[in-house]
Structure formats: C-alpha cells, structure tokens
Novice: 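Below you will find the structure I want to go over with you.
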Amino acid sequence: MTIPDKLKAGDQVVLLSPSGKIPSELLDGAEQRLRSWGLNVIRSPHCAGSYGQFSGSVQERLSDIRAALSD
C-alpha cells in the first residue's frame with residue numbers, strides 16, 4: 001500500500017461533494033480553514049450545487065470526482 005506524503009503549505013486540495021448538498025457556510029468555513037493552513041483550495045464546479053437532495057446530478061458529481069483525481 002502506498003501512503004501519500006502529508007499535506008504541506010502550498011499543496012492543492014479540492015473541495016467536492018460526491019453526495020448530498022453542503023450548506024455554503026460549511027464550505028466557506030472549510031475553505032477558510034484549509035487556506036489558513038497554507039493550502040491552495042479549489043472548489044469543484046458542483047460542490048455547492050443543488051439537484052434534489054444532492055449536490056448535482058450523477059454525471060455532474062462524477063465529473064467533479066474524475067477531474068479532482070486526474071489533476
């Protein structure tokens with residue numbers, strides 16, 4: 001099993017929601033905390049979306065996950 005290095009200042013992280021909607025105040029707080037640790041934060045296109053009880057359609061959520069993993 002490969003264990004990745006610990007995150008360090010300057011590393012990039014992606015906020016995404018692979019399932020349910022996330023209130024914007026929680027996303028804002030998470031982004032603020034991660035930035036305070038020196039991390040570069042990217043919000044996936046649909047992390048703050050709304051599609052019924054989900055953050056986006058299945059295709060939108062899969063697209064966000066695929067983009068984050070392939071970056």
Side-chain angles (χ1 to χ4, degrees):
M1 179 167 86
T2 303
I3 298 174
D5 294 334
K6 293 179 181 178
L7 291 172
K8 60 188 177 308
D11 284 347
Q12 179 175 294
V13 295
V14 178
L15 291 178
L16 58 88
S17 176
S19 60
K21 292 185 263 190
I22 301 175
S24 62
E25 61 271 7
L26 290 180
L27 283 171
D28 294 343
E31 183 173 352
Q32 186 177 35
R33 173 65 55 97
L34 293 168
R35 287 190 190 282
S36 77
W37 294 341
L39 300 171
N40 299 321
V41 180
I42 303 217
R43 284 192 186 202
S44 63
H46 304 99
C47 73
S50 179
Y51 186 82
Q53 66 183 8
F54 300 103
S55 63
S57 69
V58 171
Q59 289 301 75
E60 290 170 336
R61 292 179 284 138
L62 282 173
S63 174
D64 285 355
I65 293 169
R66 287 180 181 137
L69 291 174
S70 67
D71 186 4

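For reference, positions follow the sequence shown, starting with 1. Atoms considered below: every heavy atom in the structure, side chains included; atoms not considered: hydrogens, waters and symmetry mates. What you see is a predicted model; the values in this text were computed from it and never measured.
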Novice: Would V41 end up clustered with L7 when hydrophobic side chains under 4.5 Å apart are linked, directly or stepwise?
Specialist: yes

Novice: Do R43 and D28 sit within salt-bridge range, that is, some charged N less than 4.0 Å from a carboxylate O?
Specialist: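 D28 and R43: salt-bridged.
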
Novice: Just verifying a value: how many Å separate Q32 CD and E25 CD, rounded to the nearest 0.5 Å?
Specialist: 13.0 Å

Novice: Report whether L16 and I42 are members of the same hydrophobic cluster (ILVMFWY, side-chain heavy atoms less than 4.5 Å apart, transitive linking).
Specialist: yes

Novice: So if you build clusters from Ile, Leu, Val, Met, Phe, Trp, Tyr with side-chain heavy-atom gaps below 4.5 Å, do L69 and V14 land together?
Specialist: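 Result: yes, single cluster for both.
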
Novice: Ion pair present between R61 and D64, side-chain N to carboxylate O less than 4.0 angstrom?
Specialist: no

Novice: Please examine the side chains of L34 and L15, heavy atoms only from C-beta on, and report whether any two atoms are closer than 4.5 Å.
Specialist: yes

Novice: Could you give the distance from CZ (R66) to OG (S44), rounded to the nearest 0.5 Å?
Specialist: 14.0 Å

Novice: Are the side chain of S17 and the backbone of S55 linked by a donor-acceptor contact shorter than 3.5 Å?
Specialist: no

Novice: Please check: side-chain N/O of D11 versus main-chain N/O of L39, any donor-acceptor pairing under 3.5 Å?
Specialist: no

Novice: Just by modelled atom types, is the G52 backbone N or O under 3.5 Å from a matching donor or acceptor in the K21 side chain?
Specialist: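 Yes, K21 side chain to G52 backbone: donor-acceptor pair under 3.5 Å.
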
Novice: Please check if the number of heavy atoms outside R33 that lie under 6.0 Å from its CZ is greater than 12.
Specialist: no

